[in-house]
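Here the structure is laid out as structure tokens; the discussion comes afterwards.
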Amino acid sequence: MTPVVAVRDLRKVYQLGDTEVAALRGVDLTIEPGEFIAVMGPSGSGKSTFMHIVGLLDAPTAGTYAFEGTDASNLDADARADIRSRRLGFVFQAYNLLPRTSALENVELPMVYSGVPEAERRRIALEKMEIVGIAHLAKHHPNQMSGGQQQRVAIARSLVNNPGLILADEPTGALDTATSLEVMRLFARLNAEAGITIMLVTHEPDIAAHARRTVAFRDGLVVGDAPNRERAA
Amino acid sequence: MNATATLRLALAALVRNRTRSLLTMLGIVIGVAAVIVTIAIGVGASAQVQTNIQKLGANLIVIQPGSITAGGARSGFSGASTLTPQDGLAIAALPGVAAVSPLVTLRTQVVAGQNNWQTSVSGVAPSYTFIKSWPLASGRFFTQSDDAAAAKVAVLGQTVIAQLFPDGSNPIGATVLIKGVPFTVIGTLTPLGQSGMGQDQDDTVLIPYTSAMERLTGLTTVNQLMVSAASANVIDAVQNEATTLLAARHRIAPGQPDDFQVRNLQSIAQAAASTGAVLEFLLAGVAAVSLIVGGIGIMNIMMVSVSERTREIGLRMSVGARGVTILRQFLAEAALLATAGGAVGVVVGIAGTTAIALAAHWPTQIPPAAVVLSVAFSALVGIFFGYYPAQRAAQLNPIEALRFE
Ligand SMILES: Nc1ncnc2c1ncn2[C@@H]1O[C@H](COP(=O)(O)OP(=O)(O)OP(=O)(O)O)[C@@H](O)[C@H]1O
Ligand SMILES: [Mg+2]
């Protein structure tokens, strides 16, 4: 099977005035369809940088990246946007929902850019909200929902274009322990039942334990990569 | 993404920020309303000047003393007149001339019983009412024989009647003293109202020109000859022939400037029209500046909007919006704001114009083209001033935009 993500010797150097910051210094990683990977590592180890490149929000300085079998190392901004629109889903720590906009419309947003007709948008959005258990909140605005509910809206939004990969950067970072557990169970269920490939960035071993495999970063390099023997439930 | 989808995105964003959208529109609303009101007043005023000039009389040619110097500037009318009633008779014999009336004017005191009034007394020929298309309200006008006899008869305008006969009594048959000379009132004129130049045309007394010359001025010359051409087509021909004829009668050597000048109503109307056009242009200019100020307001608020909405832009990009899609959305927001502001401005402008017309009794006219143009212009202003902020939004880096606090 074609891997969803295949990176070889991936490097990213940030230019900060005169000094260069090497955020990634030669990362090799392959993610197969249906995997659920947790990326861990200390602050500044390059986790977010890696996620941005894998999510085609940014381009690498050097190395190769194939997304679903196609070379994605040297795409321009528009081509990256088009792939994000059709094949990638994002979940952020800060939810990033549009304010003063209903949950339903927030979930529909990616389909506005991928050109799905309106009636179809509504149907798919409601279907995904049903899956994450917030269909009854369709008309609510973000400021009328709890953090956990808002994160579920964001997860529903990441699902609507049937992405080949969902990327979540510390999705439980702003949630309390109980709500974090619910959100992680939701991710695990989406992965187990729908076979959705997920890559999740986290600081916390408890959170990483919900994934099937953990990759450890340090100083811009992968320093550990192992399946999770004891998965949290 | 197609245009409708972009417009709907823009509309949704505007509705989401209702207050800000309304405030942004306000500048354009005021700008467009100002354009509509100033144009309505300008066009209305010059249209009224035109109709007033037309009302001055049918196919009128006016001959006045004085010359046109080499530089084109007129020498004053104060120079002694060389125009005589005989000049008028000679012109009346020209082909294409329907009627001629001399005009002798003086300002003087007119007295009736206890009442007196300073007014303009005009000595004219019987054809005057025809030339001016000015019907009588009552009584009769003077005749050729009144002229021949320098009869002491007068026809009064409505303002003079109101001043001299405040009790409302019938002036016909009454005696009025003009510069101390008794005249019998034989007729009254219908009210004409103000002239295009703002004079009260009803503040006048008409007497035979012969009476005016012999009994009041003591001069053998007149202030003006009013010539009515038989039709609009022959105005130019009559004007040329009258010029040639008068030059011969006044023995003007070839190459010397004439001691009179012949003008027709069309040239006066054109002069007034060009003055009106300058005025309209100025007013529209002022109004356009206010529209541009409104546009700068849009740019301002769009700039604030772009930085306030940086995270939103980052999110839209992360879920697949291209830069150009963001650009179009922000441009559409600006254009929608400006166009909606323009439409509201038109309504406010029309309402304001109506209010001014009612309150100040000014003549106003709203040309449809002005409405269409000002809305179109405000949409352009929106796009022009919305472009820079939209461009800034489109060039944001999605990661930095998402991280923006
Ligand atoms: N836009 C940028 N410009 C310059 N340096 C950057 C930029 N983004 C990240 N870096 C640097 O790259 C390195 C890796 O940053 P990154 O955000 O990937 O770390 P992280 O593992 O996600 O850390 P955290 O756990 O704190 O989120 C850090 O040294 C950081 O300072
Ligand atoms: Mg990070």
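Since the structure is predicted, the reported quantities are computational estimates derived from the model, not experimental observations. Throughout, a chain's letter reflects where its sequence line sits, starting with A, and its residues are numbered from 1.
Ring-plane geometry between A:F90 and A:F92 is classed as parallel, the angle between the planes falling under 30 degrees on a 0 to 90 degree scale with a further cut at 60.
Contact count versus chain B (heavy atoms, under 4.5 Å) is highest, among A:R80, A:R84, A:M111, for A:R84. Of all the listed residues (B:G323, B:A321, B:A12), the one sharing the greatest number of non-hydrogen pairs under 4.5 Å with chain A is B:A321.
Looking only at distances, no side-chain donor or acceptor of A:K47 sits under 3.5 Å from a matching main-chain atom of A:F217.
With a threshold of 4.5 angstrom between heavy atoms, A:E105 does not approach chain B through any atom at all. Interface residue B:Q329: only side-chain heavy atoms are found under 4.5 Å from chain A. Contact annotation for B:R18: neither backbone nor side-chain heavy atoms come within less than 4.5 Å of a heavy atom of chain A. At a 4.5 Å heavy-atom cutoff, the contact between A:A94 and chain B is made by backbone and side-chain atoms alike.
At a threshold of 4.0 Å, the pair B:R309-B:E333 counts as salt-bridged, since one of the basic side-chain nitrogens sits closer than that to a carboxylate oxygen. The residues A:E120 and A:R123 are annotated as salt-bridged, a charged nitrogen and a carboxylate oxygen being separated by less than 4.0 angstrom.
A donor-acceptor contact closer than 3.5 angstrom is absent between the side chains of A:N161 and A:K128.
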